[in-house]
Amino acid sequence: MIVLQQLINGLQLGSIYSLIALGYSMVYGIIMLLNFAHGDIIMVGGYIALLIIGAGIHPAVAIIAAIVGCMVLACVIEKAAYAPLRKAPRISLLITAIGVSFFLENVAQLLLSANPRSFPNTAIIPTANFNLGSLNISLTTLVTLAVAIVSMALLTVLVNRTKMGKAMRAVSEDMGAAQLMGINVNRTITFTFAIGAVLAGIGAILYCCKYPQVKPTTGYLLGMKAFVAAVLGGIGSIPGAMLGGLAIGMAEVIVNALGYTTWADAVVYVILILVLLIKPTGFLGRTMSEKV
Amino acid sequence: MKKRKQLSTPSKYVINAILVAVLLAGGALLYNSGALNRASKAVLIQCGIYSMLAVSLNICTGYLGQLPLGHAGFMAVGAYVGAIFWKATTAWPTGLTIILGLLVAGLAAAVFGVIIGIPALRLKGDYLAIITLGFGEIIRIAIINLDGITGGTPGLLNVPKHSSFLLTFLCLTAAIFITHNVIHSRHGRAILSIRGNEIAAESCGINLTYYKVFAFALSAFLAGVAGAVYAGFQGSLFPKSFDFMASINILVMVVLGGMGSMTGAVIAATVLTALPSLMQALSSYRMVIYSLLLIVVMIFKPSGLMGTKDISVSRFLEKLMNGELFKSRKKEGQAHE
């Protein structure tokens, strides 16, 4: 029974990681950029929700504001910092992404102090528990799972069934050819960032409901884990990111349950290193050959 | 065509050695004369340590063209190994302990460099960045958890304070000398060719893995020595000083100075270390400014302040001898002198 309980915890954590990993994976798939700032967008989303609920405004407004805020922020970052470097070497783009991530983190620290603030999670999802035998499932868990499943289903439809989704797939396949076919590459890239950020915003709310506090460095470790999830699943692959997220969530819960809490963060990196050494393409990634 | 006058290699060495000796002696005199207060002395030593770190990271980032994000991890290994060695050997003659401690620290970091380098360097670009970041974090988490040896989060205290002005800057000089000579050797040319184009380098018979691991280990060695100097300067070590933020700090110096320029690395390290301490009002904005600098430099001048250029006294003298100092510069290829 305790195994099943941990499994449910892992599923909850894993689905949050999946949502965030999708953002990494889609952006990497389209412009080959490891978007370091993605984790910090989550932190910003958490703060927006926290401050709006703190001001006494209805939580539904806060959720929408957080998601829209993340989306706008991601588009601004893409336009201001990444778009000018479209043709630059990838190392420049990566350094810029690190710069953006640190900029967000430090601005948040300057404006809101480095101390963690507690997140009003009960205002969004009321505390309620359901008991199935000795199994204890909270409402937060159920909501998280439901929201994650619906979001991923919508994303799959968006990517596979709509015109914009088709454009996204085309650009990630071959940017030059896509442009020749009349696809607006820049708009498609911005759209990809926006979708990733919407998922990050949803992930931010769900994460803060599970661990009800926000601090400027919240995004760093969360982003790191989600990135590992994306690599584990095969970067660039949408079902891969979902699978990878669940695997990382499970792994973390297992390590914690075994009592190695202080090593839990190291385990994520060990998984990353092992994946990269054994199967760099991850579960569902495609092998890419380099053109000379 | 008139033959260009040139300095012979030994005379270049002599000129540089004299210059270095004068600078070191002058610096030491100033340092010990009492003209500086304690805070500025500390800043001076820190500038030396960070210059050393920037020079060592520059081997990987500037010359090899990779982006390791776990440099603080190597520094941490060197710092802890050096500190523990020094604490264990307080009974030995001071000079011997200091030199052995620095060597042991550097070698320990180099061993980690090889262990991390062999798997990491099979990957490229973003993956290499992220895997080195992971290793750096693992080193830090291990230091926190192995508190029997390292003191864990409360820190390793009472490290003998061996890092004088002379020791710090002698180490910096040695680091620059070693790096300069390696980069201008056969090994160095191989490393530079990897930066140029990996596939082309490999097809010319350059063993990619060997040279990458070599550069990585050298970079780690120097970072380890810098770490030991840091330990001997601070007198106490905390795992928090070696987090991801510290690695980024060093990276900013290299990027800003110009990837592939040692002069740039030293100048950027000195400026970025000295500025926040000199302007107290700036210190809370430090990281915001650093991160903005990273973005702005990447967008507007991706090669950094110095590009791949270095300042060379002997080249300056040669130009003076030939009377071409004020003439327009001839095309000399990449100025790697």
Side-chain angles (χ1 to χ4, degrees), chain A residues 28 32-37 77 80-85 88-111 216-217 220-221 224 227-228 231 235 260-278 280 290-292, chain B residues 61 65-67 69 116 118-120 122-142 144-145 147 152-153 197-200 203 243-245 247-249 251-252 254-255 259 284-300 302-303:
Chain A
Y28 194 92
M32 307 287 274
L33 162 72
L34 162 52
N35 186 8
F36 259 93
I77 292 172
Y82 302 154
L85 291 166
R90 278 173 55 198
I91 194 166
S92 310
L93 203 56
L94 189 57
I95 294 174
T96 313
I98 295 170
V100 172
S101 157
F102 268 72
F103 179 71
L104 292 179
E105 241 168 67
N106 287 292
V107 168
Q109 197 164 326
L110 214 59
L111 295 179
T217 49
Y220 165 63
L221 199 60
M224 232 41 246
F227 173 72
V228 175
V231 174
I235 201 138
Y260 296 105
T261 322
T262 46
W263 289 94
D265 296 340
V267 167
V268 175
Y269 294 115
V270 171
I271 293 176
L272 172 73
I273 290 163
L274 289 179
V275 175
L276 288 182
L277 293 180
I278 298 165
E290 199 177 341
K291 278 174 245 159
V292 181
Chain B
T61 310
Q66 307 292 335
L67 185 65
L69 293 178
I116 294 171
I118 289 174
R122 281 172 48 191
L123 307 162
K124 281 178 208 162
D126 315 355
Y127 283 121
L128 180 119
I130 209 82
I131 204 171
T132 47
L133 191 163
F135 272 117
E137 289 292 289
I138 290 173
I139 289 175
R140 194 175 60 87
I141 294 169
I144 293 176
N145 281 290
D147 46 4
T153 317
N197 186 331
E198 274 188 28
I199 296 167
S203 55
D243 59 0
F244 183 49
M245 198 83 93
S247 299
I248 295 300
N249 230 336
L251 182 71
V252 175
V254 173
V255 170
M259 287 182 269
S284 55
Y285 294 92
R286 194 176 66 130
M287 288 315 286
V288 177
I289 295 173
Y290 276 22
S291 43
L292 268 183
L293 265 180
L294 264 187
I295 303 169
V296 170
V297 167
M298 274 303 123
I299 293 177
F300 295 105
S303 56

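In this text the structure is predicted, and so the values were computed from the model without any measurement. Note on naming: letters A, B, ... go to the chains in the order of the sequence lines (proteins, then strands), and numbering restarts at 1 for each one.
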Main chain of A/S92, side chain of A/T96: is a donor-acceptor contact present, judged purely on distance under 3.5 Å? yes
Could you walk me through whether B/I295 and B/M298 pass the side-chain contact (heavy atoms from CB on, under 4.5 Å) check? CA-CA 5 Å; B/I295 303 169; B/M298 274 303 123; 5.9 Å; no
Note, [X] side chain near [Y] side chain (heavy atom, < 4.5 Å):
| X | Y | value |
| --- | --- | --- |
| A/I235 | A/F227 | yes |
| A/M224 | B/I130 | yes |
| A/L94 | A/L34 | yes |

Please report the interatomic distance CG(B/D243) to CG(B/N249), rounded to the nearest 0.5 Å. 9.5 Å
Under a 4.5 Å heavy-atom cut-off, does chain A meet the side chain of [X], its backbone, both or neither?
| X | value |
| --- | --- |
| B/A142 | both |
| B/L69 | side chain |
| B/M259 | side chain |
| B/V288 | both |
| B/I299 | both |

Heavy-atom cut-off 4.5 Å, strictly under: side chain, backbone, both or neither for [X] against chain B?
| X | answer |
| --- | --- |
| A/A88 | neither |
| A/I273 | both |
| A/A80 | backbone |

Top contributor to chain B contacts, counting heavy-atom pairs under 4.5 Å, from [options]:
| options | value |
| --- | --- |
| A/L85, A/V228, A/V267 | A/L85 |
| A/V268, A/L104, A/I95, A/V100 | A/I95 |
| A/V231, A/L110, A/L93 | A/L110 |

Does B/L133 form a side-chain contact (heavy atoms from CB on, under 4.5 Å) with A/F36? I'd like the steps, not just the answer. CA-CA 12 Å; B/L133 191 163; A/F36 259 93; 3.8 Å; yes
Top contributor to chain A contacts, counting heavy-atom pairs under 4.5 Å, from B/L294, B/I144, B/L251: B/L294
Show your working on ring-ring contact (aromatic ring centres under 6.0 Å, His included) between B/Y290 and A/F102 and close with a plain yes or no. CA-CA 9 Å; B/Y290 276 22; A/F102 268 72; 9.8 Å; no
